[in-house]
Engineer: 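Submitted below is the structure of interest, expressed as structure tokens.
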Number of protein chains: 2
Amino acid sequence: MHLFNPRMTFALIGTLLAIVAAMMLLAVGVAVYYGEDWQSLLLSSGITLAVGALLYLPNLKNSNRDVRKRDGFLIVTLGWVAMSMLGSLPFALTGAIDNIVDAIFETVSGFTTTGATILTDIEGQAKSILFWRSMTHWIGGMGIIVLTVAILPLLGVGGMQLFIAESPGITPDKLHPRITGTAKRLWFIYFALTAAEAIALWVAGMGWFDAINHAMATMATGGFSTKNASIAAFNSPAIHYIITIFMFLAGVNFTLLYFGFSGRIKQLRQNEEFRVYAWNTLIFSGVVALVLIIFQSYSIEEGIRGGFFTVISIMTSTGFVTENYLLWPNFLIFLVFVLFFSGGSTGSTAGGIKVMRHIIMIKNSFLELKRQIHPNAIIPVRFNDRAVPQNITNTVAAFVLIWLTVFFAGSFVMSMFGLDFMSAVGSVTATLGNIGPGLGSVGPVDNFAHIPAGGKLFLSFLMLLGRLEMFTVLILFMPYFWQRR
Amino acid sequence: MHLFNPRMTFALIGTLLAIVAAMMLLAVGVAVYYGEDWQSLLLSSGITLAVGALLYLPNLKNSNRDVRKRDGFLIVTLGWVAMSMLGSLPFALTGAIDNIVDAIFETVSGFTTTGATILTDIEGQAKSILFWRSMTHWIGGMGIIVLTVAILPLLGVGGMQLFIAESPGITPDKLHPRITGTAKRLWFIYFALTAAEAIALWVAGMGWFDAINHAMATMATGGFSTKNASIAAFNSPAIHYIITIFMFLAGVNFTLLYFGFSGRIKQLRQNEEFRVYAWNTLIFSGVVALVLIIFQSYSIEEGIRGGFFTVISIMTSTGFVTENYLLWPNFLIFLVFVLFFSGGSTGSTAGGIKVMRHIIMIKNSFLELKRQIHPNAIIPVRFNDRAVPQNITNTVAAFVLIWLTVFFAGSFVMSMFGLDFMSAVGSVTATLGNIGPGLGSVGPVDNFAHIPAGGKLFLSFLMLLGRLEMFTVLILFMPYFWQRR
Ligand SMILES: [K+]
Ligand SMILES: [K+]
């Protein structure tokens, strides 16, 4: 028996690239419509399809369709890398981005739904390029949904087994193609919400092109905008409120959204992660709103709008901007920084550490104090009214500690690229948490163009690391991953 | 059966205060010798003794000598608080510090061996006051030795059971008075090293008063100096090297030092925590030295001296200063910041997270990746060639996560007192890690005088929290601690 199944790995990545190539055709359509350089985009699609075919066709006749855990880790990581490499072709071939590192950074930022950009003049770009840029978010979001409902729970990554109550408790070593029923239902929700938001934004006065782009970027919790000033460019409270609501929805577990829309509100209300997520966004938004109204002379409406928009944008790791929070008082800046470590719900398109892990870690810490007094009692963490097995608690703890270790080590690396303390810390949390805007010189009204090429590649790596829940990528660097025992 | 034994708790704290009162008499001696205000110091000693007697005498005839776990947590926390309250009398009654919050901050900083100071002109203080200030460090260090060898392992706090291999594996619910043999041997080492350092410093040209003070502050990993410029005031490489060596020793597990000095070098060499501690200090010091020599135009000798002194001062949480590291390049400042999270060895007088916990967490993270591939295998962390029980790994993980949570939340609190990002972060790590100097406005050439009173009290709380290994203090805030079940 072989340790790996490279033929299936290549065939699946080939399939993935074929999907990307098909999506690029939509950008070709946009280019034709606006009379832009459609040839380069068609060439990009052709090359992507060709590479996909080269990976797929030789491995078509495959007697061994067995995809095991190790293959799973490889397929996920290499899949995202391959998408990012070929997805950068439209930027490179049209000349929209004249630097290969920048093109890769922008594409990784797209597919990982991070939304950090190296573009200094977004509005100067062709519409088809902006559309492809939003599209990378939207494809990335679709990928994340498959990943979280079908793949990561089976791989057992970072305690992801927990996130759907209805998933079987024991994870088998084989990857079954569960990417069918559930994923299709959730993709429908994703598609429907994107359409609903686009229509709502159009009704509120946004042009249809901007409406579609921002809807795709919202539902993927991506954050790429078609405007230099992000959402601040739209001087319309209605637009701000609509995006706030859809960002909130994009940060909810899509399985719960499915229950909610099919009338089973009880499922939503009883879900512990949703309750904590909802209360947290409410409380933090309220606090920020109050401070803005009382100390920063915002009107009541502006304070509420700015507070809710900013807090929800960061907590869901979307990264849209209406306010330059770096101009706020010190403690509000620090609060924003702490929210960088939040992340949305598991099973959503949001990045970051995520609410479920915070709940389990906080409960475990309190229980650990209790265990000091009752050392012989077995006191498990309870989540959604079930006892969490000790090994999952341990996995979640390891996940959070690895996340924080990468945060510290990554910030050190970025400081070696010359970034000051706050920018180093900000650039790492913004990319590792797939948020987008950070602090200091990569703040909400800045971009990542000024970072040295090495730093951009490093941050691209962090975006992948964060998006694929750390373990999926890190495990490939372990010697034993490649050995039989 | 009662839940608590308040009579024994009061009696033991009374005994502790009697010891503090006796130590204050040494400061009275210094005051008489230098012709300073000995009356106020004698009064301080008298009041402390009186309070101690009031706590001790009514509880002298105590039929129930049973001290249990819950009493243990109370005695340790209340003991440190009582010492700090009454230990501030010399500062308050002599008028050396005219503000009660400042006096408490300085005394907590002393007894917790933190070394953060609110004094703006240290050299303008009476010698007897400086002596008492150093004395608080030295008493604190003695307390820490008892705590770590005798009390915390029995309480099971933060995985401290692990730190001595020869300690019994199972911790009984009763606190036995083990504060005898081991503690006395370790106190002897502590005393002998303090004397040796004082003599070495005197030989190197330091006045005997400064030599004794700095020796006490070094062995406690405290960091209070008798000079405004800390160790930079002594323009003598020999003095810098001597202090570097003794800071390194103070960061080693005292049980291992005992083995080392009694010729059992093998025990030292085989100890995993010691090996990692020694290599880490060597590597980080070497890196800093190289950077200072190559990029900062230090001479080779100055670079080595500055690198080793600064890295060892921070990693052992001593906090003596010869270099203003805030003037170094960005990435060296960030490296210093990361070292704030190190801490010395368990069983030393050093504060912080500590090397043992880092080893266990790093190993557990790597093994957790391995467990993803082999979900059914039981793969324990191995430390000092023994398997670490899962519950201890879990305790250590909870400890580190609580530490980091307090770091983030504490920094937010300090930013609410108006501190900028770097100062907020720096003030919290410096106090929670019992280091002393921080970053920003509480950097190595600054002090804590400018922080608002509320902030000073909060940082005092963090010093206690860090020094008493978090759990000991936090557990008192849990409702169930005070309930039967
Ligand atoms: K984002
Ligand atoms: K210290």
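Values below: all heavy atoms of this structure, side chains included; hydrogens, waters and symmetry mates excluded. Chain identifiers are assigned alphabetically (A, B, ...) following the order of the sequence lines, protein sequences preceding nucleic acid strands; residue numbering begins at 1 within each chain.
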Engineer: Is there a donor-acceptor pair closer than 3.5 Å between any side-chain N or O of B:K69 and the backbone N or O of A:H374?
Structural biologist: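 Not at all, since once roles are kept as given, no pair shorter than 3.5 Å links the two residues.
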Engineer: Under 4.5 Å between any side-chain heavy atoms of A:T472 and B:Q372, yes or no?
Structural biologist: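 No, their side chains stay 4.5 Å or more apart.
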Engineer: Can you name the nearest heavy-atom pair linking A:N330 to B:L419, along with the distance?
Structural biologist: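 Shortest heavy-atom separation between A:N330 and B:L419 comes out as ND2-O, 3.3 Å.
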Engineer: What do you reckon, is CZ of B:F4 surrounded by more than 12 foreign heavy atoms closer than 6.0 Å?
Structural biologist: yes
Engineer: To the nearest 0.5 angstrom, please state how far the CZ atom of B:R68 sits from the CD1 atom of A:I373.
Structural biologist: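 Answer for the CZ-CD1 pair, B:R68 versus A:I373, is 12.5 Å.
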Engineer: Could you tell me if the side chain of A:F334 sits less than 4.5 Å from the side chain of B:V425, heavy atoms only?
Structural biologist: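 In contact.
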Engineer: Give the C-alpha distance, both sets of side-chain angles, the deciding distance and a yes or no for ring pair (Phe, Tyr, Trp, His ring centres under 6.0 Å) between B:F412 and A:F337.
Structural biologist: CA-CA 9 Å; B:F412 174 63; A:F337 173 66; over 10 Å; no
Engineer: What distance do A:L369 atom CG and B:M478 atom CE have between them, rounded to the nearest 0.5 Å?
Structural biologist: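 If we round to the nearest 0.5 Å, A:L369:CG and B:M478:CE are 5.0 Å apart.
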Engineer: Does A:I294, at its CD1 atom, have more than 12 non-hydrogen atoms belonging to other residues, nucleotides or ligands within less than 6.0 Å?
Structural biologist: yes
Engineer: Aromatic rings A:F408 and B:F407: how do their planes relate, parallel, tilted or perpendicular, breaks at 30° and 60°?
Structural biologist: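 Rings of A:F408 and B:F407: tilted, as their planes differ by 30° to 60°.
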Engineer: Is B:L404 in contact with chain A via its backbone, its side chain, both, or neither, using a 4.5 Å heavy-atom distance?
Structural biologist: side chain
Engineer: State, yes or no, whether a side-chain contact exists between A:N394 and B:R371 at a heavy-atom distance under 4.5 Å.
Structural biologist: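 Yes. Closest side-chain heavy atoms under 4.5 Å.
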Engineer: Could you tell me if the side chain of B:F331 sits less than 4.5 Å from the side chain of A:V413, heavy atoms only?
Structural biologist: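 Counting from C-beta outward, A:V413 and B:F331 never come under 4.5 Å.
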Engineer: Within the structure provided, determine whether A:L439 and B:F421 are in side-chain contact (heavy-atom separation under 4.5 Å).
Structural biologist: yes
Engineer: Has B:F481 got more than 12 heavy atoms of other residues, nucleotides or ligands less than 6.0 Å from its CZ?
Structural biologist: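 Enclosed.
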Engineer: If you measure from NZ on A:K370 to CD1 on B:I475, what distance do you get to the nearest 0.5 Å?
Structural biologist: 11.0 Å
Engineer: So do the side chains of A:F399 and B:E368 get within less than 4.5 Å of each other, counting heavy atoms only?
Structural biologist: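 Not touching, per the 4.5 Å side-chain cut-off.
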Engineer: How many angstroms lie between CD in A:Q390 and CD in B:Q390, if you round to the nearest 0.5 Å?
Structural biologist: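 The CD atom of B:Q390 is 5.0 Å from CD of A:Q390, to the nearest 0.5 Å.
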Engineer: Is it the backbone or the side chain of A:M416 that comes under 4.5 Å from a heavy atom of chain B, or both, or neither?
Structural biologist: both
Engineer: Which atoms of A:F341 come close to chain B, meaning under 4.5 Å heavy atom to heavy atom: side chain ones, backbone ones, both, or neither?
Structural biologist: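 Contact with chain B involves the side chain of A:F341 alone.
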Engineer: Using 0.5 Å steps for rounding, measure from the CG atom of B:N391 to the CD1 atom of A:I379.
Structural biologist: 11.5 Å
Engineer: With rounding to the nearest 0.5 angstrom, report the OG to CG distance, B:S365 to A:L401.
Structural biologist: 6.0 Å
